[in-house]
Amino acid sequence: MTTTLRVRGLRLWRGDRQILAGIDLDAAPGEVVALMGLSGSGKTTVLRILAGLERADAGEIQVPKAGMVFQFHYLFEHLTALENVCLAPVHVQRQTRAQAQARAEALLGELGVGHRAHALPRELSGGEAQRVAIARALAVDPPLLLLDEPTASLDPARRNDLGDVLKALAASGRTLLLTSHDDDFVRDFASRVVILAGGRVVEQGDPHQVLEHAQHEETRELLQVERQRKLGR
Amino acid sequence: MTTTLRVRGLRLWRGDRQILAGIDLDAAPGEVVALMGLSGSGKTTVLRILAGLERADAGEIQVPKAGMVFQFHYLFEHLTALENVCLAPVHVQRQTRAQAQARAEALLGELGVGHRAHALPRELSGGEAQRVAIARALAVDPPLLLLDEPTASLDPARRNDLGDVLKALAASGRTLLLTSHDDDFVRDFASRVVILAGGRVVEQGDPHQVLEHAQHEETRELLQVERQRKLGR
Amino acid sequence: MIRLALLALLLLCTAVPAVAQPPLRWGGDSEGGAPFVEADPADPAKMIGFDVEIAEHIAAELGRPAQFVQIAYSSLDQSARRGDFDIGLSGIEDSPGRRASVAASVPYYEFREVITVREGDRERFRSLADLRGRRVATLGGTMAYDILLEAEGEHGLTAVSYDDDVHPYSDLLLGRVDAVLLDHVLAERAMRRNTGLVTHPEAVAVGHYIIIAAPERTDLRDQVDAILRAAMRDGTLERIFRKWDCWTEDQPALYARVLAAEGSDAPGATGGAPLGSVARAWEALPRYLPSLLSAAVLTLVLSCAAMLLAVVLGVFIATGRVYGDPLTRAVLTVYVEVMRGTPVLLQLFVIYYGLAGMVRLPAFIAALVGLGLNYAAYESEIYRSALEAVPRGQLEAARILGLTRLQTLRLVRAPQAFRLALAPMTNDFVALLKDSSLVSVLTVVELTKQTQIFATNIGSWLVPGLLCAALYLAMSLPLSHLARRLEDRWKVATP
Amino acid sequence: MIRLALLALLLLCTAVPAVAQPPLRWGGDSEGGAPFVEADPADPAKMIGFDVEIAEHIAAELGRPAQFVQIAYSSLDQSARRGDFDIGLSGIEDSPGRRASVAASVPYYEFREVITVREGDRERFRSLADLRGRRVATLGGTMAYDILLEAEGEHGLTAVSYDDDVHPYSDLLLGRVDAVLLDHVLAERAMRRNTGLVTHPEAVAVGHYIIIAAPERTDLRDQVDAILRAAMRDGTLERIFRKWDCWTEDQPALYARVLAAEGSDAPGATGGAPLGSVARAWEALPRYLPSLLSAAVLTLVLSCAAMLLAVVLGVFIATGRVYGDPLTRAVLTVYVEVMRGTPVLLQLFVIYYGLAGMVRLPAFIAALVGLGLNYAAYESEIYRSALEAVPRGQLEAARILGLTRLQTLRLVRAPQAFRLALAPMTNDFVALLKDSSLVSVLTVVELTKQTQIFATNIGSWLVPGLLCAALYLAMSLPLSHLARRLEDRWKVATP
Ligand SMILES: Nc1ncnc2c1ncn2[C@@H]1O[C@H](COP(=O)(O)OP(=O)(O)OP(=O)(O)O)[C@@H](O)[C@H]1O
Ligand SMILES: Nc1ncnc2c1ncn2[C@@H]1O[C@H](COP(=O)(O)OP(=O)(O)OP(=O)(O)O)[C@@H](O)[C@H]1O
Ligand SMILES: [Mg+2]
Ligand SMILES: [Mg+2]
């Protein structure tokens with residue numbers, strides 16, 4: 001198995017709080033790895049370090065060029081949805097404008113926001129903006145794609161559409177690393193789940209296995225109330 | 001039943017797109033009403049109109065003073081989490097600073113972000129910011145509380161904490177109107193669900209009833225894939 | 001702090017007039033010299049001259065001690081309106097404009113406007129008509145100057161105005177001008193001072209000296225009129241003028257006219273807005289408009305070019321300060337602080353004179369470079385701050401997409417920063433239009449300088465000032481308008 | 001466009017000197033008058049005077065035609081360095097400072113510094129020591145002025161410097177000063193012009209006239225030296241000075257010394273940086289520093305007060321333009337455009353003179369109000385733009401919490417806008433420090449004006465200019481520093 005992503009002993013402090021206390025993580029082409037953990041457990045931080053937006057205080061990282069979808073989309077405010085998606089293909093990949101535009105329109109359509117292509121970010125609904133941001137990341141087609149809570153603002157229908165898109169991408173040899181609070185989504189679309197707690201990876205493996213029969217205290221805590229609720233129903 | 005909120009025939013156009021095509025909506029003290037619908041169906045728009053941030057093109061609205069939690073939190077960037085929560089109690093409700101601060105700390109603690117009270121918004125994780133925003137809205141204790149996707153960035157554990165807080169609020173006579181994509185959350189904590197589609201309310205009622213035995217095509221479409229998936233599992 | 005407060009207090013106090021026994025404060029210009037007002041060579045603390053004696057006579061008649069107040073000749077009207085003195089007399093010419101803006105007495109002396117030329121030209125230049133194509137000097141703000149402006153059109157001569165009555169004659173001797181038109185009193189004085197000049201006795205026109213007071217002091221003016229009339233009747237005025245060797249046969253006729261008009265409304269006795277001087281300025285306007293307009297064009301070209309330089313340089317400096325290594329940043333910070341913190345005037349001097357050893361820049365280029373370098377410091381600060389205000393998320397999104405730093409700057413950061421920088425930039429451009437007037441020290445004649453020339457020449461700031469303001473406005477308004485339209489367009493894109 | 005281009009071209013061309021047959025261009029100031037250089041009253045195109053004859057003699061010896069270039073006396077050194085002429089002579093005094101900054105010839109004339117007083121004071125004031133507590137006039141930038149500055153400390157007199165050599169004597173007659181110290185050539189000329197004055201023949205000091213050239217033209221200077229020496233030997237110089245009635249018995253002794261020193265190194269013949277004049281200025285500095293510092297304090301007080309007014313008013317205007325009804329907005333927009341678009345100088349005039357009829361503001365207050373009102377327009381634009389750049393979500397969040405508009409402005413919008421406005425505001429404050437110099441037209445003596453007085457008095461801009469720049473910098477740097485620290489602190493809060 002060719003490892004695209006290899007992380008060993010990632011550590012990070014913020015002031016005197018240790019956010020990451022030694023994270024080990026691997027991901028190979030074809031995998032959809034889901035990072036789960038309590039809010040504030042450092043999921044976003046891990047993705048940002050992998051994307052090169054932040055520096056770890058310690059640790060080894062081996063990472064290919066990565067694309068990223070941010071938790072708060074960060075669309076370019078002065079450009080329309082379509083222009084947002086076309087920017088990198090035209091200026092980084094040197095595609096012709098027509099070529100880039102055609103692909104962008106296809107992507108936006110696939111994610112169900114084709115009809116908002118000419119809207120500015122501030123004119124989009126939360127879920128629309130989220131999907132435009134996903135389209136923007138997909139347009140450059142990076143070998144590793146980092147998605148931070150891509151399902152947060154999506155309704156169940158859109159969420160499954162996105163799941164299908166991601167699965168297809170993985171099947172074509174990309175590596176996907178995403179964070180999510182949605183255990184249903186993770187169960188349905190991730191090939192592996194990684195549970196983060198106390199700045200460490202406490203458990204990982206097949207989503208069904210991990211989420212239904214959590215071995216670790218922390219995993220149970222994360223899902224506990226949820227499970228109690230499900231049981232009590 | 002005293003109606004706190006009464007909306008009739010709400011209509012809104014954006015350019016030549018009709019976003020709202022005649023919404024009727026009621027909510028009484030003690031209710032937790034969940035607004036569901038596809039991304040882009042106008043949920044946020046309805047809340048914004050009720051909050052007085054936007055004007056409808058037509059319709060009657062009868063609405064008490066409302067608080068609101070935004071889809072993208074909109075914390076005051078120059079103030080710490082605690083200062084964000086204290087601002088309105090001190091300057092609008094004329095509480096003493098000590099009084100406001102004590103209550104703010106309690107609220108933040110209840111929502112699990114007490115340890116981040118002195119962080120600036122940009123130093124918070126997505127879920128932390130979301131919860132600070134919720135605390136800010138709760139601090140002024142308005143008779144009607146509008147929450148736009150309050151669960152979007154929350155993990156299952158935090159989500160249930162929030163659900164309990166909201167239920168308690170309703171029990172004390174507040175009216176709650178929230179939007180959500182999370183059918184589990186709605187099922188567990190909403191007293192009524194309202195399905196928005198094509199700019200209209202297509203169905204409403206008890207969440208279990210509506211979500212399990214949807215009468216309308218649009219509701220089924222919204223949940224369809226989800227249900228198929230659940231069945232197929 | 002105490003020292004500052006004292007200083008401020010002092011400044012406040014100096015402007016508050018002391019109120020004691022009321023002497024008659026009379027204003028005049030002792031630089032004007034004999035026979036009007038001058039310091040007594042024997043006792044310089046004492047003023048002598050016919051205007052002095054008339055003022056003292058009036059004070060005596062009013063039963064008040066006379067107190068002299070030194071006022072520059074060209075400021076007499078203004079000072080009268082400000083109330084810096086009670087009455088003013090110093091060879092002040094009668095004119096409708098003056099009558100409209102201050103309270104004016106009856107005329108007390110009649111003078112003739114006469115032409116003075118070099119001895120060699122005695123026969124060639126006998127009248128204004130003979131002076132076609134020649135430069136004719138006079139004192140700005142006088143009737144003589146108005147006559148010359150008229151003659152520019154009629155006789156094709158060039159009027160040259162001076163701020164004093166000495167240099168017209170010395171420049172006549174030097175050959176810089178070919179004739180001087182001034183009143184016979186000044187001309188005679190000049191003849192005494194200089195040899196080689198000759199004055200034609202024929203009057204080109206006649207005028208009168210009057211006494212002025214603040215517009216609202218018509219009571220005082222009426223008293224002065226009564227005293228003057230009495231002095232005409234009883235020979236007091238004649239005695240004074242004879243003593244100063246200024247008595248001419250024109251005076252009895254003038255006195256007769258003044259005394260005959262007693263009781264009837266004196267001309268312009270009504271006061272009111274300074275319409276007269278405005279009218280005179282409007283009349284002169286067509287002659288000045290072309291040079292004002294071309295000065296405005298120069299100002300605009302200079303400002304645009306300098307602003308262009310400032311913007312380009314400012315962008316580089318700002319980029320360097322945001323992206324550069326610590327050394328680059330330090331060097332650029334020093335540049336900005338020094339250029340911004342020291343007067344541009346000094347910088348212009350350094351560039352024009354200081355660098356002359358290395359490179360002799362033409363004045364226009366030196367002005368452009370000086371203003372451009374100075375404003376670049378200001379612009380760079382605006383851009384730096386605007387660039388730093390672009391939200392980090394926008395830059396991170398660009399970076400993650402693989403945009404280079406330059407691409408990020410060009411495609412994401414600069415477009416968003418520009419919106420923030422637009423208003424301060426517009427401010428600076430509008431300010432630069434006016435600041436460019438500093439380059440007049442480098443002999444570049446731009447709008448302000450040209451206005452000054454105009455104002456000196458017609459002897460009033462009102463119309464030239466308004467016109468100058470209007471021209472500056474005409475340059476800045478389209479700019480503001482454009483900036484506002486751009487802003488409005490971008491506002492749509494604000495989250 | 002074509003017209004603009006032509007204009008620019010024209011401006012470019014005027015500065016490029018024509019290169020043809022090489023006449024000897026010699027610079028002098030014809031305003032200096034006889035017996036140095038003046039226009040021939042008989043033929044004003046011709047210059048006459050002993051310096052003219054010496055220049056023509058040198059040109060003849062060099063086999064080149066002589067061509068006169070008019071240069072203001074105080075600019076002679078600067079023009080020499082710029083290369084505006086080949087040699088300069090016009091009663092130019094020898095001094096170490098001058099020798100260090102231009103190429104200087106051997107002395108060709110020795111003069112005595114003498115004291116002139118009013119006839120009545122002949123016995124009272126015989127020496128500088130007699131003039132304790134008195135005002136003594138002279139020409140700025142001369143040796144005499146240096147002597148007076150020395151005497152200020154030693155004899156407790158007050159040195160008063162003038163830009164020309166006429167007014168010291170006329171003011172002496174007027175009693176504004178009690179004595180004049182100048183060289184005997186100027187003194188004698190003044191005695192001929194004025195009555196009532198008397199000059200004591202005793203020399204307070206002696207000095208020499210020299211010929212100057214650009215620092216690098218030592219070749220030319222050496223040729224001039226050779227010609228001057230020859231002219232000393234063969235009596236040419238004596239003949240010239242006798243003709244102009246300036247020959248004195250001091251000259252043969254001078255010539256003997258000059259000729260004896262031939263071959264040995266002439267003093268300061270090495271050229272180099274203008275250390276001499278700098279040294280002289282440093283020497284004069286302690287006398288000027290107090291007034292410069294208090295002028296700087298005045299500038300600072302005025303600027304701070306005006307900026308405060310501008311900020312407060314600017315906040316109100318910006319608020320009105322953002323929140324006001326359409327009429328308020330329109331009125332405020334007009335205010336901003338007019339105040340911003342027209343020169344502040346004009347506005348100061350209107351406030352000081354124009355409003356004098358309604359309210360007579362003290363100069364300092366008028367200056368403060370004028371600058372404040374003008375800058376308020378600029379500040380308001382900055383604030384308006386910054387207020388409008390605050391993200392809508394922040395305002396909506398405030399509104400939903402029940403904050404009033406004013407509370408939102410105060411607690412949310414302004415604090416976030418201020419960060420954006422800080423850099424342009426700092427720019428404006430720093431600019432205002434310099435712009436406040438405009439108020440000198442209202443007779444307020446601030447830093448620039450005081451520097452000018454200093455520079456005129458010591459006859460050089462170098463040290464006063466640097467000092468002035470340093471003082472302005474000293475005022476603006478703490479401000480910039482503070483602004484940057486504030487910005488850094490806020491940067492932390494940027495999303
Ligand atoms: N700039 C910062 N300064 C200080 N602390 C920070 C900063 N950014 C993040 N943190 C803290 O680091 C911790 C991890 O943040 P991170 O955003 O990685 O959490 P997360 O797992 O993504 O949470 P969520 O699910 O809420 O998005 C949080 O407690 C957060 O408050
Ligand atoms: N300012 C605007 N200009 C134009 N269209 C807008 C604007 N704001 C929202 N819209 C459009 O109105 C529709 C409804 O938006 P709204 O934000 O109410 O959707 P939503 O139901 O909240 O969706 P989501 O679940 O994605 O948040 C969307 O299609 C959106 O693109
Ligand atoms: Mg996160
Ligand atoms: Mg929404």
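Note that this is a predicted model, so its numbers are computed, not measured. So you know, we letter chains A, B, ... as the sequences are listed, proteins then strands, and number each from 1.
More than 12 non-hydrogen atoms from other residues, nucleotides or ligands lie less than 6.0 angstrom from NE2 of B:His115. More than 12 heavy atoms of other residues, nucleotides or ligands sit less than 6.0 Å from atom CZ of B:Arg8.
How far CZ of B:Arg116 is from OG of B:Ser125: 8.0 Å, rounded to the nearest 0.5 Å. Summarising the geometry, atom OG belonging to D:Ser476 is positioned 12.0 Å from atom CG belonging to D:Leu432; distances are rounded to the nearest 0.5 Å. Taken from CG in B:Leu177 to CG in B:Leu146, the straight-line distance is 5.5 Å, to the nearest 0.5 Å. The distance from atom CE of D:Met339 to atom OH of D:Tyr378, rounded to the nearest 0.5 Å, is 10.0 Å.
Side chain of D:Gln394 to backbone of D:Pro391: no donor-acceptor contact under 3.5 angstrom is found. Using a distance-only test at 3.5 Å, with no hydrogens or angles considered, a donor-acceptor pair links the side chain of D:Thr333 to the main chain of D:Arg329. Side-chain atoms of B:Lys43 come within 3.5 Å of backbone N or O of B:Leu38 as a donor-acceptor pair.
With a 4.5 Å cut-off on side-chain heavy atoms, B:Leu147 and B:Leu145 count as touching.
The shortest heavy-atom contact between B:Leu166 and B:Val32 is O-CG2, 4.4 Å. Across all their heavy atoms, B:Leu79 and B:Glu83 have their closest contact at CA-OE1, 3.3 Å.
Using a 4.5 Å cut-off between heavy atoms, B:Phe70 contacts chain D through its side chain alone, with no backbone atom that close. For B:Leu75, the part lying near chain D is the backbone, with the side chain staying farther off; criterion is any non-hydrogen pair under 4.5 Å. With a 4.5 angstrom heavy-atom cutoff, D:Arg410 touches chain B only via side-chain atoms. For D:Gln416, the part lying near chain B is the side chain, with the backbone staying farther off; criterion is any non-hydrogen pair under 4.5 Å.
Residues of residues 313-324 of chain D never come within less than 4.5 angstrom of chain B, heavy atom to heavy atom. Of residues 85-94 of chain B, those residues lying under 4.5 Å from chain D by any heavy-atom pair are B:Leu87, B:Ala88, B:His91, B:Val92, B:Arg94. When the heavy atoms of residues 132-143 of chain B are compared with those of chain D, the residues falling under 4.5 Å are B:Arg136, B:Val140, listed by number.
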Chi angles and distances behind the salt bridge (charged side-chain N to carboxylate O under 4.0 Å, His left out) call for B:Glu128, B:Arg131: CA-CA 5 Å; B:Glu128 287 166 353; B:Arg131 284 174 282 158; 5.0 Å; no
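Ionic pairing of D:Glu487 and D:Arg484 is not present here: no N-O contact between side-chain nitrogen and carboxylate oxygen is shorter than 4.0 angstrom.
Applying the salt bridge (Lys or Arg N to Asp or Glu O under 4.0 Å) rule to B:Arg48 yields the partners B:Glu54, D:Glu396; only residues at least two apart in sequence or on another chain are considered.
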